[in-house]
2 protein chains.
Amino acid sequence: MTDSELEKFKKVLKDENLKLTPQRVEVFREVCNSDEHREAEEIYLALRKRDINVSRSTVYRTMDILYQYDLVQRMDIGDGKWRYEHWLNCHQHDHLICIRCGTIVEFINTQIEGIQKDVAEKFNYQLVRHVHQLFGLCKQCQDTPVSVK
Amino acid sequence: MTDSELEKFKKVLKDENLKLTPQRVEVFREVCNSDEHREAEEIYLALRKRDINVSRSTVYRTMDILYQYDLVQRMDIGDGKWRYEHWLNCHQHDHLICIRCGTIVEFINTQIEGIQKDVAEKFNYQLVRHVHQLFGLCKQCQDTPVSVK
DNA sequence: TCTCATTTGAGATTCAATCTCAATAAGAAC
DNA sequence: GTTCTTATTGAGATTGAATCTCAAATGAGA
């Protein structure tokens, strides 16, 4: 977490009349210090592992704030859990997801953005956001035989 | 529900050693007879409304079978519920979703499919399926002012 | 330092989906 | 048609991520 990131977070809290608490800062720090796409529960456990006591409720609540004010990105791959990632490298990107091992890879394709704009325009939709996920088998899982139970 | 659709369902059940029960047929019929993107609960209620008694459990279980054997399409728009739609017009399509009123519109864009293939190939993923959803405001919601609570 | 609205933590609650299990029914064999 | 075996059904219990509740604690402006 860079100082400028922290300042951005502080500004949001101030602007929205939310208080700067140690718990909120720790949650934000934890999110920023990993490039994985993690669930709230994983972030909660990572904090506990580092002996930082923040309740599960507070982790969920803070993730909501971070998402609400666009300080983190969040995605849903259809398993009923939100996965969060920091927004530091700020590029709009989509995801490739391995259906066997769960590995998530990011990709950027500017061509698709143009097409999306065209589609939205054609249907008179004012585009706000999109979800674009490609599910398949990663190289390693293609090469690994399925183990017998 | 056309006869050929029903036959396809019967074939799947037979091939998979599953039994053809009146409940399963009714659920399938209900799904086929609507072009909406409905939740299992909505399908369950629609059946009750027509005085067809199928339990909630059986609706959920049958939807699983239909999805498993590719007789229906299912989507997740991030609200924790699966929405089902029949697969009768068999075109691969994506969705435009209004974030205010929930209207779902389908669109087809063959250009994107090519790009998806290229991306998967580049990352050595063997593509299985994709999710592509555009969220925004539909024309009507753009024109309707937000009502005051 | 005082004050007060906000936040926290722990546990309760929600809700879609899944599981359990006794009763029922499909459908193969005869 | 009858019998037998196994799958299916229905009702309610359970699961699990997320949200809510409320008393106690705390941030931050005065």
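Heavy-atom basis, side chains included; hydrogens, waters and symmetry copies ignored. Quantities reported herein were computed from a predicted structural model and do not represent experimental measurements. So you know, we letter chains A, B, ... as the sequences are listed, proteins then strands, and number each from 1.
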Per-nucleotide protein contact along nucleotides 25-30 of chain D, 5' to 3', at a 4.0 Å heavy-atom cut-off (B base, S sugar-phosphate only, - neither), is --BS--

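- What separates CG of Leu47(B) from P of dG10(D) is a distance of 11 Å, to the nearest Å.
- When the side-chain nitrogen and oxygen atoms of Arg24(A) are compared with OP1 and OP2 of dT7(C), one or more of them lie within a distance under 4.0 Å.
- Residues in residues 37-59 of chain A take part in these ring pair (Phe, Tyr, Trp, His ring centres under 6.0 Å) pairs, two or more places apart or across chains: His37(A)-His95(A).
- For the pair Arg38(B) and Tyr84(B), the cation does not sit on the ring face, since its NZ or CZ is not both under 6.0 Å from the ring centre and inside 45° of the axis.
- Contact check for Tyr60(A) versus Ile43(A): no side-chain heavy atoms found under the 4.5 Å cut-off.
- Note on Thr58(B): a side-chain N or O is less than 4.0 Å away from OP1 or OP2 of dG10(D).
- A salt bridge is absent between Asp118(A) and Lys122(A): the closest approach of a Lys/Arg side-chain nitrogen to an acidic carboxylate oxygen does not fall below 4.0 angstrom.
- Checked options Gln133(A), Glu113(A), Met75(A), His130(A); the residue passing with Asp94(A) is His130(A) (criterion: side chain to side chain contact (heavy atoms under 4.5 Å, CB included)).
- Interface remark: the Arg56(A) side chain does not form any donor-acceptor pair with the dG11(C) base, using a distance-only criterion of under 3.5 Å.
- As a whole-Å value, the separation of Met63(A) CE from dT19(D) P is 12 Å.
- Atoms CG (Leu13(B)) and P (dT6(D)) sit 20 Å apart, rounded to a whole Å.
- Between Asp64(B) and Asn53(A), the residue anchored closer to the 5' end of DNA chain C is Asn53(A), taking for each the nucleotide with the nearest heavy atom.
- Interface residues of residues 79-86 of chain A facing DNA chain D, ordered by number: Gly80(A), Lys81(A), Trp82(A); criterion, heavy-atom separation under 4.0 Å.
- Shortest non-hydrogen contact noted between Met1(A) and Phe28(A) is SD-CD2, 3.3 Å.
- Ionic pairing of Glu41(A) and Arg56(A) is present here: one or more N-O contacts between side-chain nitrogen and carboxylate oxygen are shorter than 4.0 angstrom.
- The nearest whole Å value for the distance from the OH atom in Tyr44(A) to the P atom in dA17(D) is 13 Å.
- A salt bridge links Arg50(A) with Glu30(A); the closest basic N to acidic carboxylate O contact falls under 4.0 Å.
- Counting to the nearest Å, the P atom of dA18(D) and the CD atom of Glu42(A) are 11 Å from each other.
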Run the side chain to side chain contact (heavy atoms under 4.5 Å, CB included) check on Glu16(A) and Tyr69(A) step by step: do they pass? CA-CA 10 Å; Glu16(A) 300 297 328; Tyr69(A) 297 105; 3.2 Å; yes

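- Between the P atom of dA7(D) and the CD1 atom of Ile65(B) lies a distance of 13 Å, rounded to the nearest Å.
- The side chain of Tyr60(B) places an N or O atom within less than 4.0 Å of a non-bridging phosphate oxygen (OP1 or OP2) of dA17(C).
- The OH-C1' distance, from Tyr67(B) to dA16(C), rounds to 17 Å in whole Å.
- Spacing between atom CZ of Arg61(B) and atom P of dA25(C) amounts to 15 Å, rounded to whole angstrom units.
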